[in-house]
S.K.: 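Structure provided below as structure tokens; questions to follow.
In this text the structure is predicted, and so the values were computed from the model without any measurement. Indexing begins at 1, ligand by ligand and atom by atom, following the structure's order. In this chain, numbering begins with 1 at the start of the sequence shown. We use all heavy atoms of the structure for the numbers below, so side chains are in, but hydrogens, waters and symmetry mates are not.
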Amino acid sequence: MELLALLFLSFCFLTLSGRMFAVESGTPVARVTVREDDDVILPCSLDTNENIESMLFDWVKEVPRKEVFMYRNRSHYNNGLPGQDVEFKGRVSHYPEELKYGNASIRLKQTRLEDNGTYTCIFPDIKPSEKIFRIELVVGAAPKPYVTILKEKGLLQCEVPGASPKPTVEWWDSDNKTLPTKTVQDEEQQGRFHVTVQTTVTEPGCYHCVAKQLEKWHRISSEICVHHGLPVWAGILIGVIVCFIVGGVVGFVLKVKGYSLKKDSQGMENGPSSELQTNLTSEHP
Ligand SMILES: *[C@@H]1O[C@H](CO)[C@@H](O)[C@H](O)[C@H]1NC(C)=O
Ligand SMILES: *[C@@H]1O[C@H](CO)[C@@H](O)[C@H](O)[C@H]1NC(C)=O
Ligand SMILES: *[C@@H]1O[C@H](CO)[C@@H](O)[C@H](O)[C@H]1NC(C)=O
Ligand SMILES: *[C@@H]1O[C@H](CO)[C@@H](O)[C@H](O)[C@H]1NC(C)=O
């Protein structure tokens with residue numbers, strides 16, 4: 001179950017990271033989604049494809065404003081140009097070979113949750129007016145639902161710690177119907193969200209805790225099964241007792257059977273065979 005969830009998760013990230021939703025006019029231009037710790041390319045290209053090797057472009061993160069990457073006529077933050085924000089030191093690179101084609105994309109290494117936000121790529125010297133591209137970077141931490149049975153009465157708890165963006169957490173029954181839940185924890189710490197919800201179930205069966213992010217972006221679920229409202233230890237205890245009873249009965253039966261078999265075989269040797277003999281003799285005198 002855990003492994004499946006992880007596979008699903010990696011699949012989601014692989015298919016979604018780097019995917020853009022371009023909007024022709026106005027801003028924002030693109031949204032890029034990435035899992036924390038992964039690298040990401042922030043795209044920015046002039047549609048004229050003109051050579052920008054001797055031009056100026058600047059990447060800035062908005063609110064609060066931070067200098068991410070500046071390039072000016074072959075000088076840039078990675079070869080001596082000063083002014084880069086410490087947060088981005090050593091983590092940003094550009095594509096020198098792509099500059100000829102008007103491509104000012106940058107690569108951001110080992111993304112952190114703090115990198116989440118809106119970035120602008122600015123060409124201040126382009127005629128007739130400066131060009132600005134906006135890119136929304138969403139850095140996510142996947143939800144991992146932990147499910148437990150709290151009481152014999154069937155109180156199920158689902159705990160989803162440290163996810164970002166904030167997940168919605170639901171309990172589903174075996175028909176995938178949403179159950180009424182009570183949120184017992186809903187906190188944010190440094191951009192990570194901790195959500196815990198509980199539900200009470202009356203019927204035995206298997207239930208899913210489903211954690212979703214950004215609607216379709218992410219969906220991870222964990223399953224838990226309730227057997228007649230009994231907790232696991234009770235199930236084990238009952239199993240052990242049943243084993244003893246069955247074992248005892250089987251042992252007893254075998255013992256009795258073994259005894260009677262012995263008795264039967266003795267009977268076969270003496271009683272019936274002599275009767276048969278007498279019958280046979282009486283038929284054929
Ligand atoms: C770029 O730098 C070169 C020298 O390295 C200089 O000759 C050229 O004028 C500069 N171009 C611009 C647009 O500043
Ligand atoms: C710009 O360069 C990056 C990095 O090589 C690449 O992924 C992207 O597709 C390029 N963009 C365009 C419009 O060619
Ligand atoms: C991440 O950035 C996006 C785009 O700027 C923003 O919509 C979203 O609220 C941010 N999420 C968090 C958890 O800060
Ligand atoms: C519940 O949803 C899962 C996947 O989301 C699906 O595989 C399963 O068949 C659904 N079950 C029912 C009873 O609809």
S.K.: Grab the two heavy atoms, one from Phe69 and one from His94, that are nearest each other, plus how far apart they are.
M.R.: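 Here Phe69 and His94 meet closest at CZ-ND1, 3.5 Å.
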S.K.: Would you mind listing which atoms of ligand 3 come within a distance below 4.0 Å of any non-hydrogen atom of Glu136?
M.R.: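 That gives atoms 4 (C) of ligand 3.
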S.K.: Has ligand 1 got any nitrogen or oxygen that is less than 3.5 angstrom from a nitrogen or oxygen of Asn73?
M.R.: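 Between Asn73 and ligand 1 (N or O atoms, distance only) the closest approach is under 3.5 Å.
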S.K.: Which atoms of ligand 3 have any heavy atom of Leu137 under 4.0 Å away?
M.R.: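 Ligand 3 atoms under the 4.0 Å threshold to Leu137: 2 (O).
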S.K.: May I ask whether Arg219 places a heavy atom under 4.0 Å from ligand 4?
M.R.: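 Yes, that is the case, since the closest heavy atom of the residue is under 4.0 Å from the ligand.
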S.K.: Measure from atom 7 (O) of ligand 4 to the protein's non-hydrogen atoms and state whether any distance is below 4.0 Å.
M.R.: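 No.
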S.K.: Answer side chain, backbone, both or neither: which part of Val139 comes under 4.0 Å from ligand 3, heavy atoms only.
M.R.: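 No part of Val139 is near ligand 3 at this cut-off.
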S.K.: Among all protein heavy atoms, pick the one closest to atom 13 (C) of ligand 3 and tell me residue, atom and distance.
M.R.: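 The closest heavy atom on the protein side is Ser164 OG, 3.9 Å.
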S.K.: Could you tell me if Tyr77 and Glu67 have a donor-acceptor pair between their side chains, going purely by distance under 3.5 Å?
M.R.: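 Yes.
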S.K.: For ligand 3, is there an N or O atom under 3.5 Å from any N or O atom of Asn116?
M.R.: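 Yes; at least one N/O pair falls below 3.5 Å.
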S.K.: Among all residues two or more places apart in sequence or in another chain, which pass the side chain to side chain donor-acceptor pair (under 3.5 Å) test with Asp85?
M.R.: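 Result, side chain to side chain donor-acceptor pair (under 3.5 Å) vs Asp85: none returned.
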S.K.: At what distance is the nearest protein heavy atom to atom 9 (O) of ligand 4, and which residue and atom is it?
M.R.: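 It is Asn176 ND2, 4.9 Å.
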S.K.: Under a 4.5 Å cut-off applied to non-hydrogen side-chain atoms, are Leu156 and Val226 in contact?
M.R.: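 Touching, per the 4.5 Å side-chain cut-off.
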S.K.: Answer yes or no for Ser221: is there a heavy-atom contact with ligand 4 below 4.0 Å?
M.R.: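 Not so, Ser221 does not reach ligand 4.
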S.K.: Any non-hydrogen side-chain atom of Ile135 less than 4.5 Å from a side-chain atom of Val32?
M.R.: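 Answer yes - side chains close enough.
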S.K.: Is atom 4 (C) of ligand 1 in close reach of the protein, with a heavy atom under 4.0 Å away?
M.R.: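 Under 4.0 Å from atom 4 (C) of ligand 1, zero protein heavy atoms found.
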S.K.: Thr118 versus ligand 3: do any nitrogen or oxygen atoms come within less than 3.5 Å of each other?
M.R.: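 Such a contact does occur with ligand 3.
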S.K.: Can you spot which of Ile122, Thr48, Ile126 makes a side chain to side chain contact (heavy atoms under 4.5 Å, CB included) with Lys131?
M.R.: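 The passing option is Ile126.
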S.K.: I'd like to know if the side chain of Ser75 and the backbone of Leu81 have a donor-acceptor N/O pair within less than 3.5 Å.
M.R.: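 Judged by distance alone, no pair lies under 3.5 Å.
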S.K.: Taking only residues at least two apart or on different chains, which pairs with a member in residues 95-124 satisfy ring pair (Phe, Tyr, Trp, His ring centres under 6.0 Å)?
M.R.: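 Qualifying pairs: Phe57-Phe123.
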S.K.: With heavy atoms of Ser54 as the reference, note each atom of ligand 1 found under 4.0 Å away.
M.R.: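 This gives 13 (C) as the contact atoms.
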S.K.: As a quick check of understanding, evaluate side-chain contact (heavy atoms from CB on, under 4.5 Å) for Thr148 and Leu150, giving each step before the final call.
M.R.: CA-CA 6 Å; Thr148 40; Leu150 282 191; 4.3 Å; yes
S.K.: I'd like to check which ligand 3 atoms, numbered from 1 as shown, lie under 4.0 Å from a non-hydrogen atom of Gly117.
M.R.: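 It comes down to these atoms of ligand 3: 2 (O), 5 (O).
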S.K.: Say whether, by atom type as modelled, one donor and one acceptor occur between the side chain of Gln213 and the main chain of Ser164 under 3.5 angstrom.
M.R.: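 It does hold such a pair.
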S.K.: I need the atoms of ligand 4 closer than 4.0 Å to a non-hydrogen atom of Ser174, numbered in the order shown.
M.R.: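 Under 4.0 Å from Ser174, ligand 4 has these atoms: 13 (C).
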